[in-house]
Amino acid sequence: KKGSDAYEKQQFEVAISEFSKVPLHGEYYSEAQHYLDLINYEMLYDQLQISSKNSHHSKSRQGKKAEKIKFNYDIVLITQLVNMAEKMGDSKKKLESFDIVISGIKHSSSRSQTEDFLMLLEKIVSRNKEKSIHEKALNFLLADFGKLYQQVEIRSQVFQLVGNLKMDLM
């Protein structure tokens, strides 16, 4: 009870402390773990954001989403975010992390960064059977095909991914 109240008030340190006290075989253990996953996701999401001075202390993420959010495209943190969203099985969070990966590809500053994000995109697509994710990935790849095609090193990977997505969606 104290943990969920603290979570609702976004007092994450207090919530983590309370949820960590729930015994392994306790009645509320799985619920506590779910909240801990949510907190970890929220904190990682916030860590990835490059926030302006005004939006830094905004209370709700929904308020921040109204403005264009800029991200720190750290592949390690984004991979953790994607894995966490998949672990939770939350479709909304899966799509949110998927959008960050697509944004990472669009804003990548080097060939290796583009390759890393493309591989992560490929993993997301292969691990998720949700049609919306496959459609979104295919639409993105086709819309940005010219830019991606120009990069000889990833050309075959892009072709293969487009082909696999088209086959999955048939």
Side-chain angles (χ1 to χ4, degrees), residues 7 10 12-13 15-16 19-20 30-51 55-56 58 60-145 147-149 151 153-169:
Y7 173 79
Q10 296 204 344
F12 293 144
E13 293 79 15
I16 289 170
F19 289 129
S20 297
S30 61
E31 184 181 357
Q33 289 306 301
H34 175 72
Y35 273 108
L36 286 170
D37 287 342
L38 281 172
I39 291 167
N40 285 328
Y41 183 91
E42 298 276 338
M43 290 172 71
L44 196 52
Y45 185 92
D46 288 344
Q47 194 177 348
L48 281 167
Q49 291 181 45
I50 299 172
S51 49
S55 69
H56 186 66
S58 155
S60 80
R61 277 192 24 220
Q62 278 66 36
K64 289 181 189 176
K65 284 191 179 170
E67 27 179 286
K68 187 85 173 132
I69 297 172
K70 292 184 178 169
F71 290 97
N72 161 17
Y73 294 108
D74 180 323
I75 188 71
V76 174
L77 294 179
I78 292 173
T79 300
Q80 288 176 348
L81 190 77
V82 166
N83 291 339
M84 217 173 280
E86 288 178 355
K87 176 186 173 197
M88 289 188 292
D90 183 324
S91 293
K92 187 177 165 211
K93 295 210 181 311
K94 282 184 196 178
L95 281 171
E96 187 175 69
S97 64
F98 180 77
D99 287 341
I100 294 171
V101 172
I102 286 177
S103 184
I105 294 171
K106 287 181 179 178
H107 295 93
S108 63
S109 56
S110 70
R111 178 186 58 80
S112 65
Q113 191 179 34
T114 303
E115 283 178 16
D116 290 345
F117 277 113
L118 207 52
M119 284 195 322
L120 185 55
L121 179 73
E122 210 169 348
K123 282 181 189 171
I124 293 171
V125 166
S126 69
R127 292 190 294 209
N128 286 284
K129 298 303 169 209
E130 291 180 38
K131 190 177 179 182
S132 62
I133 286 182
H134 288 226
E135 287 173 343
K136 206 168 191 178
L138 183 61
N139 289 338
F140 160 71
L141 290 169
L142 293 175
D144 278 28
F145 191 77
K147 180 185 172 212
L148 296 169
Y149 183 81
Q151 300 179 48
E153 301 84 1
I154 62 169
R155 192 177 292 164
S156 63
Q157 192 179 3
V158 171
F159 272 128
Q160 186 175 1
L161 192 51
V162 167
N164 290 344
L165 285 165
K166 283 192 169 210
M167 292 299 289
D168 289 345
L169 290 169

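Computation of the quantities below employed the complete heavy-atom set of this structure, encompassing side-chain atoms and omitting hydrogens, waters and symmetry-equivalent molecules. Being a predicted model, the structure only gives us computed values, none of them experimental.
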Open item on the list: Quick check: closest heavy atoms across Lys129 and Ser126, and the distance to 0.1 Å?
Closed with: NZ-O, 3.2 Å
Open item on the list: Distance check, rounded to the nearest 0.5 Å: Ile78 atom CD1 versus Ile100 atom CD1?
Closed with: 6.0 Å
- [ ] Indicate yes or no: at least one non-hydrogen side-chain atom of Asp144 is less than 4.5 angstrom from one of Ile105.
- [x] no
- [ ] Please tell me if the side chains of Thr114 and Lys147 come closer than 4.5 Å, counting only heavy atoms from C-beta onward.
- [x] no
- [ ] Mind listing the closest non-hydrogen atom pair of Asp74 and Leu48 along with its distance?
- [x] O-CD2, 4.3 Å
Open item on the list: With rounding to the nearest 0.5 angstrom, report the OG to CG distance, Ser110 to Asp116.
Closed with: 7.5 Å
- [ ] Find out whether Leu95 and Lys136 are in side-chain contact, i.e. whether some heavy atom of one side chain is under 4.5 Å from a heavy atom of the other.
- [x] yes
Can you list, pair by pair, the side-chain donor-acceptor contacts under 3.5 Å of residues 156-167, counting residues two or more places apart and other chains?
{"residue": "Gln157", "atom": "NE2", "partner": "Glu122", "partner atom": "OE1", "Å": "3.1"}
{"residue": "Asn164", "atom": "ND2", "partner": "Gln160", "partner atom": "O", "Å": "3.4"}

Task: Smallest separation among heavy atoms of Leu77 and Gln47, with atom names - done: CD1-NE2, 4.0 Å
TODO: To the nearest 0.5 Å, tell me how far Ser112 OG sits from Phe117 CZ.
DONE: 10.5 Å
Task: Sub-4.5 Å side-chain heavy-atom contact between Lys93 and Glu42 - done: yes
- [ ] Answer yes or no: does atom OH of Tyr149 have more than 12 heavy-atom neighbours from other residues, nucleotides or ligands under 6.0 Å?
- [x] no
Open item on the list: To check you understand the geometry: which heavy-atom pair defines the closest contact between Glu135 and Leu169, and what is its length?
Closed with: CG-CD2, 3.8 Å
Open item on the list: What I'd like to find out is whether the side chain of Asn40 reaches to under 4.5 Å of the side chain of Gln80, using heavy atoms alone.
Closed with: no
Task: Close side-chain approach of Asp90 to Tyr41, heavy-atom, < 4.5 Å - done: no
Open item on the list: If I compare all heavy atoms of Leu44 with all of Met84, which pair ends up nearest, and what's the gap?
Closed with: CD2-CE, 4.0 Å
- [ ] Any chance you could measure Phe19, atom CZ, to Glu31, atom CD, to the nearest 0.5 Å?
- [x] 7.0 Å
- [ ] Kindly give the heavy-atom pair with the smallest separation between Ile133 and Phe98, and that separation in Å.
- [x] O-CZ, 3.7 Å
- [ ] Take Leu138 and His134 through the test side chain to side chain contact (heavy atoms under 4.5 Å, CB included) and record every step on the way to the result.
- [x] CA-CA 6 Å; Leu138 183 61; His134 288 226; over 6 Å; no
- [ ] For residues Glu86 and Ile124, determine if any side-chain heavy atom of one lies less than 4.5 Å from a side-chain heavy atom of the other.
- [x] yes
Open item on the list: Can you tell me how the ring of Phe12 sits relative to the ring of Tyr7, calling it parallel under 30°, perpendicular over 60° and tilted otherwise?
Closed with: tilted
- [ ] Measure the OG-NZ distance between Ser91 and Lys94 for me, rounded to the nearest 0.5 Å.
- [x] 5.5 Å
TODO: Decide yes or no on side chain to side chain contact (heavy atoms under 4.5 Å, CB included) for Leu118 and Glu115, but give the supporting numbers first.
DONE: CA-CA 5 Å; Leu118 207 52; Glu115 283 178 16; 5.6 Å; no
TODO: With the side chain counted from C-beta on, respond yes when Asn83 and Arg127 share a heavy-atom pair under 4.5 Å apart, and no when they do not.
DONE: yes
